[in-house]
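Below is one structure, written out as structure tokens; comments come after it.
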Amino acid sequence: MNYAIFDMDDTLCSLEHRRGKAMESGKINYKILFDSNLVEYDLPEDHVVELAQTLNMFNTKIIVMTARPYYMEEATNNWLKYHNIPFNKLITKEKNKVFQKSSLWKESKLQELLQDINIEQIVLSIDDNKDNQAMFESYGIPVFDPLLQ
């Protein structure tokens with residue numbers, strides 16, 4: 001079995017609406033940026049969604065690994081289903097890790113995944129964050145940058 005790891009924000013979806021709302025005061029309001037009620041306004045990034053759908057058609061399991069906090073999990077799960085984005089597992093940040101740097105947190109989640117699957121089974125990672133990309137590449141996992149079209 002093969003696996004692909006997809007990020008959410010600015011990868012599977014655009015944060016344009018939430019980011020705009022969060023920046024209305026001129027500086028970023030993280031309470032608004034991470035408001036579960038605004039997830040429904042996120043727009044799918046069609047080229048990345050199509051990649052997930054294509055990989056899924058070829059029996060690649062999709063793991064969504066997002067630095068969104070735990071309390072956004074239900075809204076994110078619903079959003080993925082509403083937009084017909086295939087996924088086998090959704091991983092969000094735990095309560096005690098919310099402020100941990102994304103690349104460190106994602107590496108710890110990758111380590112947990114590697115207890116159940118072989119590194120060779122992870123055929124691709126799709127992530128917009130350069131630090132996350134470098135971390136996945138350091139494990140020999142090919143990376144696609146969704147911002148380069």
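Keep in mind the model is a prediction, meaning the values are calculated, not measured.
Considering Asn132, Asp145, Asp128, Asp127 as possible partners of Thr11, the one that fulfils the side chain to side chain donor-acceptor pair (under 3.5 Å) test is Asp128. Under the side-chain contact (heavy atoms from CB on, under 4.5 Å) test applied with Met65, the options Leu113, Asp7, Leu90 reduce to a single match, Leu113.
Grouping the Ile, Leu, Val, Met, Phe, Trp and Tyr side chains by contacts below 4.5 angstrom, directly or via other members, places Met135 with Ile117. Linking Ile, Leu, Val, Met, Phe, Trp and Tyr whenever their side-chain heavy atoms come within less than 4.5 Å puts Leu55 and Val48 in one cluster. No continuous path of hydrophobic side-chain contacts links Leu38 to Leu80 [ILVMFWY only; heavy atoms under 4.5 Å]. Leu114 and Trp105 fall within the same hydrophobic cluster, defined by Ile, Leu, Val, Met, Phe, Trp and Tyr side-chain heavy atoms under 4.5 Å apart, directly or through other members. Taken together through direct or relayed side-chain contacts under 4.5 Å among Ile, Leu, Val, Met, Phe, Trp and Tyr, Tyr41 and Met23 form parts of separate hydrophobic clusters.
Residues Asp9 and Arg68 form a side-chain contact, since some pair of their non-hydrogen atoms from C-beta on lies under 4.5 Å apart. Ile91 is not listed as a side-chain neighbour of Ile5, based on a closest heavy-atom distance of 4.5 Å or more. Contact of the Lys61 side chain with the Tyr3 side chain is registered, since non-hydrogen atoms from C-beta on lie closer than 4.5 Å. Residues Leu110 and Ile141 have side chains in contact (heavy-atom distance under 4.5 Å, counting atoms from C-beta outward). The shortest side-chain heavy-atom distance between His17 and Glu40 does not fall under the 4.5 Å cut-off.
How far OG1 of Thr66 is from CZ of Phe6: 13.5 Å, rounded to the nearest 0.5 Å. Taking CG of Asn37 as the reference point, atom CE of Met72 lies at 9.5 Å (rounded to 0.5 Å). If you take CG on Leu51 and CD1 on Ile85, they are separated by 11.5 Å, rounding to the nearest 0.5 Å. The structure places CG of Asp10 at 6.5 Å from CG of Leu147, a figure rounded to the nearest 0.5 Å. Here OG1 of Thr92 is found 10.5 Å from OH of Tyr71. Values are rounded to the nearest 0.5 Å. The distance from the CD atom of Glu45 to the NE2 atom of His83 is 11.5 Å, given to the nearest 0.5 Å.
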Report task. Check the pair Met1 / Asn88 against side chain to side chain contact (heavy atoms under 4.5 Å, CB included), numbers first and verdict last. Result -> CA-CA 12 Å; Met1 181 61 57; Asn88 300 86; over 6 Å; no
Requested in this report: Determine, stepwise, if the pair Asp131 / Lys101 fulfils side chain to side chain contact (heavy atoms under 4.5 Å, CB included).
Outcome: CA-CA 10 Å; Asp131 289 341; Lys101 184 177 176 184; 3.4 Å; yes
**Report entry** Audit row: Lys81, Phe87, side chain to side chain contact (heavy atoms under 4.5 Å, CB included) steps and yes/no
**Finding:** CA-CA 9 Å; Lys81 289 178 179 178; Phe87 68 101; 4.2 Å; yes
Query - CA sep, side-chain torsions, deciding dist, call: Asn2, Phe58, side chain to side chain contact (heavy atoms under 4.5 Å, CB included) - result: CA-CA 9 Å; Asn2 289 327; Phe58 286 94; over 6 Å; no
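Residues Val39 and Ala75 approach most closely at CG1-O, 3.7 Å, considering heavy atoms. Pairing each heavy atom of Ala67 with each of Ser102, the nearest pair is CB-OG, 4.0 Å. Scanning both residues, Leu12 and Trp79, for their nearest heavy atoms gives O-CH2, 3.8 Å.
A salt bridge links Arg18 with Asp42: the distance from a Lys NZ or Arg NE/NH1/NH2 to an Asp or Glu carboxylate oxygen falls below 4.0 Å. For Glu137 and Lys130, the salt-bridge test fails: no basic side-chain N is under 4.0 Å from an acidic carboxylate O.
A side-chain N or O of Glu107 and one of Tyr139 form a donor-acceptor pair less than 3.5 Å apart.
At least one donor-acceptor pair closer than 3.5 Å links the side chain of Gln53 to the backbone N or O of Asn84. A donor-acceptor contact shorter than 3.5 Å links the side chain of Lys93 to the backbone of Gln100.
Shown here is Glu74, whose CD atom has no more than 12 heavy atoms of other residues, nucleotides or ligands within 6.0 Å.
Taking the six-membered ring for Trp and thresholds of 30 and 60 degrees, Phe34 and Tyr30 have nearly parallel ring planes, at less than 30 degrees apart.
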